[in-house]
Amino acid sequence: MEYRPTEWDARAQQLWRDLAVYRADFPSDREPFYVLDMFPYPSGAGLHVGHPLGYIASDIVGRFMRHKGFNVLHPMGFDAFGLPAEQYAIQTGQHPAATTEANILRYREQLNRLGLGFDWSREVQTCDADYYRWTQWVFLELFNAWFNKGSARAERIETLMEHLSARGTEGLEAACHGKPECSAAEWAQMNPSEREALLQHFRLAYRSESLVNWCPELGTVLANDEVVNGLSERGGHPVVQKAMLQWSMRISAFAQRLLDGLEDLNWSDSIKETQRHWIGRSQGARIAFKVLGGLGEAGLLEVFTTRPDTIFGATFMVIAPEHPLLSQWTSMDQKADVDAYRERAARRSERERQADTKSCSGVFTGSYVEHPFTREPIPIWTSDYVLLGYGTGAVMAVPGHDSRDHALAKAMGLPIVQVVASTEPVDVQQEAFEAKSGRAMASDFLNGLSTLEAIDRAIEELQSRGLGTRTLQFRLRDAVFGRQRYWGEPIPIAYRDGVPEGLDAAELPLRLPAVDKYLPTADGQPPLARAEHWFSAEGLPLETTTMPGWAGSSWYFLRYMDPRNDRALVGRAAADYWGQVDLYVGGSEHATGHLLYSRFWTHALHDLGHIGFKEPFKRLVNQGMIQGISAFVHRIEGGKTVVSAELAGGYSTQKLHVDVSLVNERNEVDQDALKAWMPDWAETQFIPAQGPIRVEREVEKMSKSKYNVVNPDALADQHGADAVRLFEMFLGPIEQSKPWDTQGMSGVISFLKKSARMLPKRQRGKASAEELRILHHLIDKLQRDVETLSFNTSVSAMMIAVNAWSALPEIAESTLLDFAVLLEPFAPHSAEAMWAELGAQRSVVLAPYPILLPEYLVKDTVLYPVQFNGKTRFQLEMPSSASAAEVESAVLAHERTAHFLEGRTPKKIIVVPGRIANVVG
RNA sequence: GCCCAGAUGGCGGAAUUGGUAGACGCGCACGACUCAAACUCGUGUUCCUCUGGAGUGCGGGUUCGAUUCCCGCUCUGGGCACCA
């Protein structure tokens, strides 16, 4: 039997379609297993060999579990809303839906070419109205919910309204922003618009002012990395920090739950650590300082600090330039300076402000607070190292014990006081002493207490005087949810006299309207404002911003369970049956975005009673990146002459990327092909004029712009899908980054050929003990590897087994049938071809996994390495049953022992039964 | 700066709880088959001053024994970054 990949691939794939072998059943008596890949954004560039790495690994697990009798759900879909399609639409006028559809078609073809066993009958596309109808529905659920801190869970907004009408905000423990307050009587008096204004502070989806990078020229908000030096990355237009009324999601309410939930997840430590840091829980105190001469709400300056023990070292206050009370605290003579500073800060993006740790700037506001204990006046400054979005947007500066405060104090000549004593000599005038270990000094009633004691004592004292409270603070900020874009889910909100109102669920989906251009309107409204008729059924104007990319991807794993349900986002029975995702595979770049938001939505949907679990992904595996091996030619600067790499030192050259397909395995560039590659290279001359021109190689990220992309479907057409699958796995551990070297594929190709060549050796009789030993060692290894997704060693184990079988004169048909099943998860097309050749029925995909017989794993004898002082000198074969004493005497009796002892008497002999013997002496 | 992960032949990588370092594959070399090439098969392939010695990024330590554990560094990759 010969390896015929093209024929086998097509035939096997047709068979799978005919038998619908990858269809997940529901309802079912079998145990469910849900394996999921992070669904891709279908870009115009198509897939390169790096993308399917994770898909192949999850496919292997899915196929293995199917052989083990599980009802496997392994779906695939597309995260199809997004910026690139919109950008392309702006440039070409083509509707993003058209380009997206074309890209999806290409992706699906490429994925199918590799024989990935997805249940396409469950495919979802986030831009499909039947799908985003439910994304909008989830939005409304969150809009109509609040977070009860008392029960630590999301509840329906009605329970909040009941509380408000019974007791107002009194005794209300709710996650909110600002300081919403009212009495029951006031609530009763309010008109709908006033009520809504209050409720907005509690809803999980709400509108509030938040700071954004606004680009007036483009009429849009930009992400931090789209802003370079205060200008838009595209076009170079000015960008300003602007407070905008925007839809947000109250993820901060779930901070503690998201932190606690990490404990039980089988995720990598680094991802969990990243999430913990992102959530950023810190314990400390809020302290209110009385502002001298301040009136009303400007009478108190509230700060958050983790070090209330250093309160006696606070020599000035710093507030964020955007702080709403800044202007009220600015004196007449400081107004010009403060205004100029605030304007300057607004021009810098948050990222720039944060990246710039060297320069230190700030301006005095002209007012003072009173120190709560010493009664001394303390000046209030403003500086952009304090961020409005964290804590209270204000800090008490303790330059002796905080390096940023120290920097500002030094720059502005403000006093620096030491209030924590260190056991080692420190000079706080030179450098801040930040360690949390020491004893309080120069701090009145705190003197002599350790830092931890002093923190507690300071908080108690502040609390008893009504000046402060013990506080838990999270870094996690609420997520801005509105986008000034076209290609996203419309937000299902209508406005009645300016008051937002959720659409009725019956009105969903709220379809994306047609527009003449995918650009903002002349007066800066988002593209949806261009729609001709953008009103609700009742005739109310609709929201014009759309949802962000992460909306659709935050719950898609639920939809796969019940993708065509038109009465619920997922049927409760299906959700209960499939439950959490057993294995989730994807890139680690989604560590904080997608993985945090989808956890948040899942928690909320759980609380609101739609699903029975809180955490979406039980186990997460991050696949590493596959890098490309780029090729560079050396071209003489300003000329058209290319110099072979080994001679380039003698010239002043430029290193230029050339397409890797123009270069052979000896690193020689095909000169004619290079000239034909692009017009710019047509006239190229070469040095040396005769002989090979070599390129330089470098491992880089695989990308179109680096001309180092390798396409999996092209390789599959050439060598077969199984070869691509096996090689991707053989490359190395799944989580690791590693370079792609197509040359290495020949190893797995010859393995597949060898496997096929075993078939003519088959016999109908009983399998020999030797071939069964090989078989069961292989089963054992493969089963253990599946646990850790160590498929690189699985492939080598299969190679070892096939090499061993091939050395035998004949192989039993039963052994070959078992091998076909073992091979199937990795190389399903070849396995299917072998299965058919052996005359077996239906599909190998549906065959049960061979049962491991442990008796074939035990060996009769053990080959003991014999070491002398830790160095292995010879080997000694002993029966497996030999005791340590027997091994010891056998070693001593061995003829070579005397030679290696060189006359010494052994002091000690260590025998680890079944392992090793070591003679010490 | 902080956090996380990693460093093993020419290359990708393997090595149960500490127990023969370099499995498997690529590449390379030689040989067989062939008119020849491809394919296929076989042998060898960590290094060196080679009856021996050294060796898993570097320097120490624990141990009969360390790629594996501990301490101190260097480098690479990823993440976060004035978080009070």
Side-chain angles (χ1 to χ4, degrees), chain A residues 2 268-278 280-282 284-285 303-307 310 318 320 350-351 353-360 383-387 389-398 401-405 407-408 473-477 588-589 591-592 622 624-625 627 629 665-666 726-727 730-733 735-751 753-754 757 784 790 792-800 803 806 863-875 906-912 914-921:
Chain A
E2 240 179 278
S268 77
D269 287 339
S270 67
I271 294 270
K272 285 198 203 179
E273 208 39 51
T274 308
Q275 291 218 343
R276 281 194 197 103
H277 181 245
W278 196 262
R281 182 184 196 264
S282 54
V303 303
F304 173 72
T305 177
T306 55
R307 295 292 303 273
T310 60
V318 187
E350 189 178 333
R351 176 156 307 179
R353 272 168 60 176
Q354 294 177 352
D356 181 10
T357 50
K358 273 158 256 128
S359 72
C360 186
S383 173
D384 64 8
Y385 74 81
V386 175
L387 308 172
Y390 187 72
T392 61
V395 301
M396 64 174 203
V398 183
H401 304 281
D402 180 280
S403 56
R404 289 150 308 141
D405 299 343
L408 187 64
Q473 187 71 45
F474 292 95
R475 202 180 84 103
L476 185 67
R477 286 184 229 168
S588 56
E589 66 272 22
T592 48
N622 297 113
M625 214 176 22
Q627 296 146 315
I629 304 180
E665 59 276 11
R666 287 183 299 281
L726 281 172
F727 189 52
F730 189 57
L731 234 37
E735 324 82 28
Q736 209 166 293
S737 290
K738 55 243 159 184
W740 179 273
D741 181 11
T742 300
Q743 233 188 126
M745 269 184 78
S746 61
V748 296
I749 295 169
S750 55
F751 160 72
K753 288 179 177 168
K754 254 188 234 176
R757 275 205 307 273
R784 281 185 287 121
S790 305
N792 52 331
T793 53
S794 298
V795 177
S796 37
M798 291 191 292
M799 288 173 168
I800 291 167
N803 286 343
S806 299
L863 205 54
Y864 278 89
V866 181
Q867 299 185 332
F868 289 80
N869 295 322
K871 289 196 173 68
T872 305
R873 296 302 185 179
F874 62 87
Q875 296 184 329
K907 287 199 197 104
K908 183 151 75 154
I909 298 177
I910 291 148
V911 175
V912 182
R915 276 281 155 72
I916 203 165
N918 189 6
V919 183
V920 186

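The structure displayed is predicted, hence computed values, not measured ones. Quick note on labels: first sequence line is chain A, next is B, and so on, each numbered from 1. Side chains are part of it too, since the values below use all heavy atoms of this structure and drop only hydrogens, waters and symmetry mates.
- Comparing A/T274 and A/A394 by the nucleotide of RNA chain B that holds the closest heavy atom to each, the one mapping nearer the 5' end is A/T274.
- Rounded to whole Å, the separation between the P atoms of B/rG22 and B/rG55 comes to 16 Å.
- Of the nucleotides present, B/rC41 is the one that pairs with B/rG31 by Watson-Crick or G-U wobble criteria, both distances under 3.5 Å.
- A/S796 comes within 4.0 angstrom of a base, heavy atoms only.
- Comparing the C1' positions of B/rG10 and B/rU74 gives an interatomic distance of 24 Å, to the nearest angstrom.
- Between A/R307 atom CZ and B/rC83 atom P there is a gap of 14 Å when expressed in whole angstrom units.
- Atom CZ in A/F730 sits roughly 5 Å away from atom C1' in B/rC24 (whole-Å rounding).
- Residues A/Y390 and A/R477 fail the side-chain proximity criterion, which asks for heavy atoms closer than 4.5 Å.
- When the P atom is used for both B/rG44 and B/rG25, the distance is 13 Å, rounded to whole Å.
- Contact annotation: A/N622 does not reach the phosphate of B/rG78 (side-chain N/O to OP1 or OP2, under 4.0 Å).
- The side chain of A/R404 contributes an N or O atom lying less than 4.0 Å from OP1 or OP2 of B/rC83.
- In this entry the distance linking CG of A/D741 with P of B/rG10 reads 17 Å, nearest Å.
- Here A/I910 lies in heavy-atom contact (under 4.0 Å) with a base.
- A distance-only check finds no donor-acceptor pair linking the side chain of A/D741 to the backbone of A/G744 [under 3.5 Å].
- Comparing the C1' positions of B/rA37 and B/rC33 gives an interatomic distance of 12 Å, to the nearest angstrom.
- If you check every strand for non-hydrogen atoms under 4.0 Å, A/S750 touches sugar and phosphate atoms only.
- A 3.5 Å limit on both hydrogen-bonding distances identifies no Watson-Crick or G-U partner for B/rU17.
- Base engagement by A/Q867 is indicated by at least one non-hydrogen atom pair under 4.0 Å involving a base atom.
- Taking for each of A/S746 and A/G391 the nucleotide of RNA chain B with the nearest heavy atom, the 5'-most of the two is the partner of A/S746.
- Comparing B/rU40, B/rC83, B/rA84 by their closest approach to the side chain of A/R475 singles out B/rC83.
- With distances taken from any side-chain atom of A/R915 to the nucleotides B/rA84, B/rU20, B/rU17, the minimum falls on B/rU17.
- For the pair A/I271 CD1 and B/rC4 C1', the computed distance is 10 Å after rounding to whole Å.
- Within the 4.5 Å cutoff, the side chain of A/V748 has heavy atoms near those of the A/M799 side chain.
- Taking atom C1' on both B/rG61 and B/rG13, the two are 30 Å apart, rounded to the nearest angstrom.
- In this structure, B/rU62 makes no Watson-Crick or G-U wobble pair, since no nucleotide meets both defining distances under 3.5 angstrom.
- Considering only side-chain atoms of A/K754, the nucleotide from B/rA23, B/rC64, B/rC41 that sits closest is B/rC41.
- A 3.5 Å limit on both hydrogen-bonding distances identifies B/rC26 as the Watson-Crick or G-U partner of B/rG10.
- The A/V912 side chain lies nearest to B/rG19 when the options are B/rA84, B/rG19, B/rU40.
- Side-chain proximity of A/N803 to B/rA84, B/rG25, B/rG19: nearest is B/rG25.
- For the pair A/T592 and A/H277, the minimum side-chain heavy-atom distance is 4.5 Å or more.
- Nucleotide B/rA81 forms a pair with no other nucleotide shown, judged by Watson-Crick or G-U wobble geometry with both contacts under 3.5 Å.
- Atoms CD (A/E735) and P (B/rG12) sit 17 Å apart, rounded to a whole Å.
- Using a 4.0 Å heavy-atom cutoff across all strands shown, A/R873 reaches sugar-phosphate atoms only and no base atom.
- Here B/rG25 presents its P atom at 10 Å from CZ of A/F751, a figure rounded to the nearest Å.
- Closest to the A/W278 side chain, of the nucleotides B/rC80, B/rC64, B/rC39, is B/rC80.
- Nearest nucleotide to the A/K738 side chain, out of B/rG13, B/rC83, B/rC64: B/rG13.
- Of all nucleotides listed (B/rA15, B/rC83, B/rG19), B/rA15 comes nearest to the side chain of A/T793.
- Because its glycosidic torsion is within 90° of 0, B/rG9 is reported here as syn.
- Side-chain contact between A/S794 and A/N792 is absent, with no heavy atoms from C-beta onward closer than 4.5 Å.
- Going from atom CG of A/D405 over to atom C1' of B/rC83 covers 12 Å, rounded to whole Å.
- A/Y864 contributes no side-chain N or O that, together with a main-chain N or O of A/Q875, makes up a donor-acceptor pair within less than 3.5 Å.
- Comparing the C1' positions of B/rG65 and B/rG12 gives an interatomic distance of 30 Å, to the nearest angstrom.
- Rounded to the nearest Å, the gap between the P atom of B/rA23 and that of B/rC30 is 22 Å.
- Among the nucleotides B/rA23, B/rC41, B/rC64, the one closest to the side chain of A/N918 is B/rC64.
- Spacing between atom CD1 of A/I916 and atom C1' of B/rA15 amounts to 13 Å, rounded to whole angstrom units.
- Under the 3.5 Å distance criterion, the side-chain polar atoms of A/S588 are left unmatched by any main-chain donor or acceptor of A/A591.
- Pair check for B/rC47 finds B/rG53; Watson-Crick or G-U wobble, both atom distances under 3.5 Å.
- OP1 and OP2 of B/rG6 both lie 4.0 Å or more from every side-chain N or O belonging to A/Q736.
- Residue A/V395 is classed as a base contact, given a heavy-atom separation below 4.0 Å to a base.
- Using a 4.5 Å heavy-atom threshold, the side chains of A/K754 and A/R757 count as touching.
- Phosphate contact (OP1/OP2 of B/rA14, side-chain N/O of A/N792, threshold under 4.0 Å): present.
- Ring geometry for A/W740 versus A/F727: interplanar angle over 60°, hence perpendicular rather than tilted (30 to 60°).
- Taking only side-chain nitrogens and oxygens, A/R757 comes nearer than 4.0 Å to OP1 or OP2 of B/rC41.
- Rounded to whole Å, the separation between the C1' atoms of B/rC41 and B/rC50 comes to 32 Å.
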